Amino acid sequence: MKIATWNVNSLKVRLSHLLQWLSTHPVDILCLQETKLTDDKFPVSKINAAGYQVVFSGQKTYNGVAILSKLPITDVVKNNPLFDDPQQRILAATIGGMRIVCAYVPNGQSVDSDKYAYKLSWLAALREWLAGEMTAHPALALLGDYNIAPEDRDVHDPVEWAGQIHCSDRERAALAALTDLGLQDAFRLFEQPEKSYSWWDYRMLGFRRNRGLRIDHILLSRALAARCTACEIDREPRKWEQPSDHVPVTATLA
DNA sequence: ATGGCAATAGAGTATTGA
């Protein structure tokens with residue numbers, strides 16, 4: 001069983017990349033973020049034709065999440081019931097006996113921004129809701145674009161990024177509050193190459209110079225972490241023509 | 001210090017992303 005997450009930065013633009021990637025990486029479950037599509041424009045038939053069922057929650061221009069699955073999808077919840085939010089950033093579903101939560105955490109823009117306060121309150125509400133979800137569903141995975149680099153080793157230049165958005169203490173504390181629930185970063189369960197990132201700026205040859213951040217994560221409850229045998233970042237799609245600035249992260253479960 | 005690149009909306013350029 002393979003579960004994955006990918007911020008596609010517009011599914012309209014990236015549908016061909018998605019289908020190409022799935023043809024060579026036929027994961028069982030894939031969480032998407034930043035689909036940037038209203039639900040009436042979601043490419044259901046093309047995804048079905050690729051062998052996947054799909055649920056989605058989108059809006060115009062911004063945000064939007066989806067879950068693709070080879071197995072039946074049940075008990076779908078859109079958004080955090082504890083947090084009134086017009087932005088479509090959360091989708092939860094039960095698949096194969098697991099609770100799968102797809103999340104697109106707010107960017108935050110900068111630490112002195114209103115969007116930063118929104119990010120922190122959004123994350124606090126996520127934790128509160130997840131605590132209950134984990135009680136109801138011991139086998140839970142939280143996959144998505146967290147817009148937080150957990151540690152300095154997840155940042156290409158920790159000095160340049162110190163205290164900045166994605167790396168600030170309060171963001172890292174909010175992420176630690178999630179792991180305190182018993183969720184574990186699947187990527188760090190294993191030996192990994194140094195300078196492993198999941199996002200690179202489009203500007204200034206960011207990818208070629210490997211000026212990246214690891215901000216896309218798969219967090220697993222104890223029950224799932226015990227089953228996890230691998231977790232990897234696939235940099236390849238970042239080399240394709242007109243790529244997303246993020247790449248997929250995949251965890252393998254026994 | 002600023003913009004650098006990309007996507008979107010919408011017809012200039014502004015907003016957001018990270």
Side-chain angles (χ1 to χ4, degrees), chain A residues 5-18 21 31-43 56-66 85-90 102-123 126 143-175 187 195-217 233 235 237-249:
Chain A
T5 180
W6 193 5
N7 178 326
V8 291
N9 185 19
S10 170
L11 185 54
K12 180 184 172 188
V13 173
R14 227 69 64 192
L15 179 60
S16 62
H17 281 204
L18 172 67
W21 190 76
C31 295
L32 302 180
Q33 302 86 39
E34 284 209 88
T35 55
K36 300 188 180 180
L37 291 173
T38 51
D39 290 351
D40 60 303
K41 297 208 168 61
F42 199 92
F56 42 86
S57 176
Q59 66 185 90
K60 198 173 179 179
T61 311
Y62 301 118
N63 310 311
V65 284
D85 190 357
Q87 303 190 26
Q88 304 306 306
R89 296 179 174 276
I90 290 180
C102 175
Y104 176 44
V105 177
N107 174 300
Q109 199 165 66
S110 67
V111 295
D112 56 1
S113 163
D114 291 345
K115 296 188 177 68
Y116 184 71
Y118 165 67
K119 181 177 193 173
L120 294 175
S121 57
W122 192 97
L123 283 162
L126 174 65
L143 307 90
D145 176 359
Y146 288 65
N147 275 314
I148 301 171
E151 302 175 72
D152 280 354
R153 62 176 165 163
D154 301 310
V155 181
H156 69 87
D157 186 340
V159 174
E160 177 184 329
W161 282 88
Q164 301 296 313
I165 197 68
H166 306 113
C167 302
S168 70
D169 290 344
R170 295 175 73 191
E171 289 167 89
R172 286 177 170 174
L175 179 56
F187 191 73
K195 305 185 190 304
S196 288
Y197 309 123
S198 66
W199 168 90
W200 300 262
D201 201 311
Y202 284 121
R203 300 166 292 187
M204 295 178 65
L205 304 174
F207 181 64
R208 215 177 302 178
R209 298 159 69 191
N210 199 26
R211 291 173 52 86
L213 305 174
R214 192 175 71 89
I215 53 179
D216 299 270
H217 309 300
I233 296 172
R235 297 163 51 96
R238 192 64 174 76
K239 302 173 183 172
W240 298 350
E241 190 176 345
Q242 200 177 12
S244 171
D245 41 0
H246 297 252
V247 295
V249 183

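Naming convention: chains lettered A, B, ... in sequence-line order (proteins, then strands); numbering from 1 in each chain. Remember, it's a predicted structure, so these values are computed and weren't measured experimentally.
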- Query: Which dot-bracket string fits DNA chain B when only Watson-Crick or G-U wobble pairs with both atom distances under 3.5 Å count, crossing pairs get [ ], and | stands for a partner on a different strand?
  - Reply: ....(((((...))))).

Between [N] and [M], how far is it from one [atom1] atom to the other, in whole Å?
N	M	atom1	value
dA11(B)	dA1(B)	P	35 Å
dT2(B)	dG12(B)	P	28 Å
dA14(B)	dG4(B)	P	13 Å
dG10(B)	dT15(B)	C1'	13 Å

- Task: Determine the contact category for Arg211(A): base if any of its heavy atoms lies under 4.0 Å from a base atom, sugar-phosphate if only primed atoms, P, OP1 or OP2 are that close, otherwise nothing.
- Result: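 No contact.
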
- What does Gln242(A) touch in the nucleic acid at a heavy-atom separation under 4.0 angstrom: a base, only the sugar-phosphate, or nothing? sugar-phosphate

- More than 12 heavy atoms of other residues, nucleotides or ligands under 6.0 Å from CZ of Arg170(A): is that the case?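 No.
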
- Considering residues, nucleotides and ligands other than Asp169(A), do more than 12 of their heavy atoms fall under 6.0 Å from its CG? no

Dump every N/O contact between nucleotides 15-18 of chain B and the protein below 3.5 Å, one line per pair.
{"from": "dA18(B)", "atom 1": "OP1", "to": "Asn7(A)", "atom 2": "ND2", "distance (Å)": "3.3"}
{"from": "dA18(B)", "atom 1": "OP1", "to": "Glu34(A)", "atom 2": "OE2", "distance (Å)": "2.8"}
{"from": "dA18(B)", "atom 1": "OP1", "to": "Asp145(A)", "atom 2": "OD2", "distance (Å)": "3.3"}
{"from": "dA18(B)", "atom 1": "OP1", "to": "His246(A)", "atom 2": "NE2", "distance (Å)": "3.3"}
{"from": "dA18(B)", "atom 1": "OP2", "to": "Tyr104(A)", "atom 2": "OH", "distance (Å)": "3.0"}
{"from": "dA18(B)", "atom 1": "OP2", "to": "Asn107(A)", "atom 2": "ND2", "distance (Å)": "3.3"}
{"from": "dA18(B)", "atom 1": "OP2", "to": "Asn147(A)", "atom 2": "OD1", "distance (Å)": "3.3"}
{"from": "dA18(B)", "atom 1": "OP2", "to": "Asn147(A)", "atom 2": "ND2", "distance (Å)": "2.9"}
{"from": "dA18(B)", "atom 1": "O5'", "to": "Asn107(A)", "atom 2": "ND2", "distance (Å)": "3.3"}
{"from": "dA18(B)", "atom 1": "O5'", "to": "Asn147(A)", "atom 2": "OD1", "distance (Å)": "3.4"}
{"from": "dA18(B)", "atom 1": "N9", "to": "Asn107(A)", "atom 2": "ND2", "distance (Å)": "3.3"}
{"from": "dA18(B)", "atom 1": "N7", "to": "Asn107(A)", "atom 2": "OD1", "distance (Å)": "3.1"}
{"from": "dA18(B)", "atom 1": "N7", "to": "Asn107(A)", "atom 2": "ND2", "distance (Å)": "2.8"}

- Task: Using the six-membered ring wherever Trp is involved, compare the ring planes of Trp200(A) and Phe207(A) and label them parallel, tilted or perpendicular (cut-offs 30° and 60°).
- Result: perpendicular

- Query: Angle class for the Trp161(A)/His166(A) ring planes (parallel below 30°, perpendicular above 60°, tilted otherwise)?
  - Reply: tilted

To the nearest Å, give me how far apart [atom1] ([X]) and [atom2] ([N]) are.
X	N	atom1	atom2	result
Arg238(A)	dC5(B)	CZ	P	13 Å
Glu160(A)	dA1(B)	CD	C1'	14 Å
Lys60(A)	dT8(B)	NZ	C1'	9 Å
Arg209(A)	dC5(B)	CZ	C1'	14 Å

- Note on the structure: Here the gap from Leu175(A) atom CG to Ile215(A) atom CD1, rounded to the nearest 0.5 Å, amounts to 12.0 Å

- Item | Note: Arg172(A)-Asp152(A) ion pair, threshold 4.0 Å (strictly below) | yes

- Residues two or more places apart in sequence or in another chain: which of them pass ring-ring contact (aromatic ring centres under 6.0 Å, His included) with Tyr116(A)? none

- Short side-chain to backbone donor-acceptor contact, Asp154(A) and Arg214(A), under 3.5 Å: no

- Can a donor-acceptor pair be found between the side chains of Tyr104(A) and Glu34(A) at a distance below 3.5 Å?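 A donor-acceptor contact under 3.5 Å links the two side chains.
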
- Message: Which is more 5' along DNA chain B, the nucleotide nearest Leu11(A) or the one nearest Met204(A)? Just name the residue.
- Response: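 Per heavy-atom nearest nucleotide, the more 5' residue is Met204(A).
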
